[in-house]
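So the structure is just underneath, and the comments pick up after that.
Throughout, residue positions are numbered sequentially from 1 according to the sequence presented. Predicted model only: the values in this text are computed from it and were never measured.
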Amino acid sequence: MQILHGRFKDRGIIAGFALAVPDKGEYAPIIEQAKSLGIKPIVFSPEKIVEKPISLQQQRWGLEDDSGNDTVVGAALALTQEQTGWKTLVLIPLANLLVEAAEVYGSLELYRRESLDGCYADERVPGAGWAIFSHELLIGLWRSHEDLMWARGGFAWALKKPLYPFKIGSWHCPRIRARIFTDLRLNSERMQHVMSAAVCDNFSGSAFSYEKWLATSDWESHYCSYAPQVIKLEPTNDCRGACFNCPHENMQREHLYLPADLADKLVAEFLPGDDIGWVLAGMGEPLLHPGIAEMLRGLAGFPLTMHTSLQQLPEQPDFPWFALDQLRISTDSLAKESFDQARPGCSWGNIEKFLAFAREQKKANPDRFPETGISMLRNLQTEVQLQPFLRYWKQVCKPVFREHFFRWPFDLPPEPVQWYQILGEAEYGRQGSRTSVVDFTPVKRRPCRHALLSATVLANGAVTICPYDYEGTYALGNLNQQTLRQIWQSPAAQDFRQQHLQMKFAENLPCSSCRDWYHPL
């Protein structure tokens, strides 16, 4: 608060500062600090806030376009306007320490010149964004839809829907985005570490430059070295399928199941609040692991996704599906005949059976059962099915993120399938092995998100540099000899990440010619 106040206090066009804060004892110190800075506290009742269901919380989905707007409580803004009488409100969340004063003033000029009702930009990196609203917009929505204004994210949803023909503007400065997928809001231990370690001139003053901070503070090194952001865990490399163009049949690694004690040791290194998500995937079918249920229970407090083709359905009636946030089912088809051709050895019957089960479970336990998605891999065999795939699923479900992570009222039942997607074909280090007529990889190379922020743990305990290193050829260490944190902080791992940040790769690594750096696992 003191930093943001210092950025804007010397500009004459600012009429005053206010802090909207819940009426809770834990916020008493920050209220006193606000008063000492001449900031007016606007205290509101937290009991009135309607929290979003877990399934509608954007961080559960881990998408790059998380702007932070879906956590805004519109009623707090309306109360601020009501108690201050200001005609225009500029909203800067306290977690957004990278807001640039000059850009805010520039957007105010746009707002006034175009006579806008509101002004914000969803494409900005979280941590550097703000919004501007007129008093007519805030008070109008407050009087007509008080229920929405007290619902977390309801205000942002009402502007995007939109409920009324609001005149909403946006701006595109700064145009530069961070090179890696990040959330730069000060709302995690990782970002507290980064903000304290990344050095930049004029950080607390009005001359602070967001673009200069990105370019000169060395924040990327601190962000990446703190810990992996995603741990991609391979419960087993055993698989019954022989899917088209999959390298599994050529894999020389021994088929193994990750030992339970090794899995427990790995999970014990981290806490649910460590800003780390987990993905159960790899070169095998996770559900074939005999201890997969216990593994899921051990990970229940973390953001958790599993990729599966449902080669085997769990027989336990109490199987902990609730531990998962997301479940991605690989189908590559719309019907059994084409499925059997593209994914021989997998079971179409299991997929149909599970989707029927999921439909009932999602209806009975909307916030406990995982969000289910259907994926199709674009390749030579599936090319003719892409449009039918999209047409079918568009009729079946409405992806929750298309509704801006909001469903009103909240007690409306969610869709049984929450998303569908078409994935690009990967090469797995086998150059020229792609058969798709479309290349998903952008022309301009950026640092690889897998290399910088993901730790890939294979079933034999090896921690390799890449989820597409299916043999584990480029392992940085092994959990049988070291902890994951030790491997992540090792000189070899740090040197590898620096190569990616500098875009200069060692000749003995496949990274320089890789085309899978952009692909999601």
Side-chain angles (χ1 to χ4, degrees), residues 61-67 98 100 103 121-129 170-185 194 198 200 209-225 228-230 232 245 279 375 377-379 383 386 401 421-456 464-469 474 493-521:
W61 294 80
L63 299 183
E64 287 191 48
D65 63 350
D66 182 0
S67 64
L98 300 179
E100 202 172 323
E103 296 297 341
D122 287 334
E123 75 273 9
R124 292 179 59 85
V125 177
S170 63
W171 55 91
H172 306 283
C173 294
R175 294 179 182 274
I176 187 172
R177 289 180 63 99
R179 296 190 302 166
I180 55 179
F181 171 26
T182 56
D183 183 346
L184 295 176
R185 287 172 291 179
V194 170
C200 176
S209 167
Y210 166 71
E211 294 188 19
K212 185 176 179 181
W213 185 86
L214 286 181
T216 65
S217 67
D218 195 31
W219 71 272
E220 292 170 319
S221 295
H222 301 296
Y223 190 93
C224 298
S225 296
Q229 195 173 60
V230 177
K232 297 171 180 175
N245 208 22
V279 177
S375 71
L377 188 66
R378 183 170 193 166
N379 57 40
E383 190 71 35
L386 299 181
F401 45 81
Q421 62 186 148
I422 293 176
L423 301 174
E425 189 177 25
E427 287 185 338
Y428 287 92
R430 307 167 298 158
Q431 291 189 18
S433 64
R434 289 184 186 173
T435 67
S436 176
V437 298
V438 172
D439 186 359
F440 284 68
T441 307
V443 174
K444 185 176 181 180
R445 177 67 192 262
R446 297 197 304 271
C448 174
R449 57 184 173 184
H450 300 303
L452 293 176
L453 293 169
S454 300
T456 300
T464 185
I465 63 173
C466 176
Y468 296 106
D469 177 19
Y474 303 97
Q494 297 203 47
D495 177 68
F496 174 69
R497 290 195 294 272
Q498 281 300 317
Q499 291 182 41
H500 275 267
L501 288 174
Q502 297 171 9
M503 302 293 287
K504 298 177 181 178
F505 308 109
E507 293 182 359
N508 62 331
L509 295 178
C511 301
S512 59
S513 59
C514 172
R515 296 202 302 155
D516 292 338
W517 61 270
Y518 184 73
H519 287 193
L521 179 66

Where the side chain of Gln499 meets the backbone of Ala506, is there a donor-acceptor pair that is under 3.5 Å apart? yes

Taking the side chain as everything from C-beta on, heavy atoms only, tell me whether Pro510 gets closer than 4.5 Å to Tyr474. yes

How far apart are the closest heavy atoms of Ala178 and Thr182, and which atoms are they? CB-OG1, 3.9 Å

Between SG on residue Cys200 and NZ on residue Lys212, distance to nearest 0.5 Å: 6.0 Å

Could you give the distance from OG (Ser433) to CD (Glu427), rounded to the nearest 0.5 Å? 4.5 Å

Reference residue Ser221; test side-chain contact (heavy atoms from CB on, under 4.5 Å); the match among Leu501, Val194, Leu452: Leu501

Donor-acceptor pair, Asn379 side chain versus Thr435 backbone, under 3.5 Å? no

Using the ring of each side chain (for Trp, its six-membered ring), is Trp213 parallel, tilted or perpendicular to Trp219, with breaks at 30° and 60°? parallel

If you take all heavy atoms of Phe496 and Ala451, which pair is closest and at what distance? CE2-CB, 3.5 Å

Is any NZ, NE, NH1 or NH2 atom of the basic residue among Glu425 and Arg434 found under 4.0 Å from an Asp or Glu carboxylate oxygen of the other? no

Starting at OG of Ser209, measure out to CD of Glu100 and round the result to the nearest 0.5 Å. 4.5 Å

Are Val438 and Leu386 side-chain neighbours, meaning at least one heavy-atom pair lies under 4.5 Å? no

Between Asp516 and Gly429, which heavy-atom pair has the shortest distance, and what is it? OD2-N, 4.2 Å

Using only atom types and a distance under 3.5 Å, with no angle test, would you say the side chain of Asp469 pairs donor to acceptor with the backbone of Thr464? no

Do Trp517 and Arg446 have side-chain heavy atoms sitting under 4.5 Å apart? yes

Rounded to the nearest 0.5 Å, what separation is found between the NZ atom of Lys504 and the SG atom of Cys511? 16.0 Å

Where the side chain of His519 meets the backbone of Leu423, is there a donor-acceptor pair that is under 3.5 Å apart? no

Can you list the steps and then say if Arg378 with Val437 is a side-chain contact (heavy atoms from CB on, under 4.5 Å)? CA-CA 9 Å; Arg378 183 170 193 166; Val437 298; 4.2 Å; yes

Looking only at heavy atoms, which two atoms of Gln431 and Ser513 are closest? And how far apart? NE2-OG, 2.7 Å

Do Ile180 and Arg449 have side-chain heavy atoms sitting under 4.5 Å apart? no

Please report the interatomic distance NE2(His500) to CD(Glu220), rounded to the nearest 0.5 Å. 13.0 Å

To check you understand the geometry: which heavy-atom pair defines the closest contact between Ser512 and Phe505, and what is its length? CA-CD1, 3.6 Å

So do Leu377 and Asn245 actually touch side chain to side chain, heavy atoms under 4.5 Å? no

Can you find a heavy atom in the side chain of Val230 that is under 4.5 Å from one in the side chain of Leu453? no

Between Arg515 and Thr441, the two heavy atoms sitting closest are O-OG1, 2.8 Å

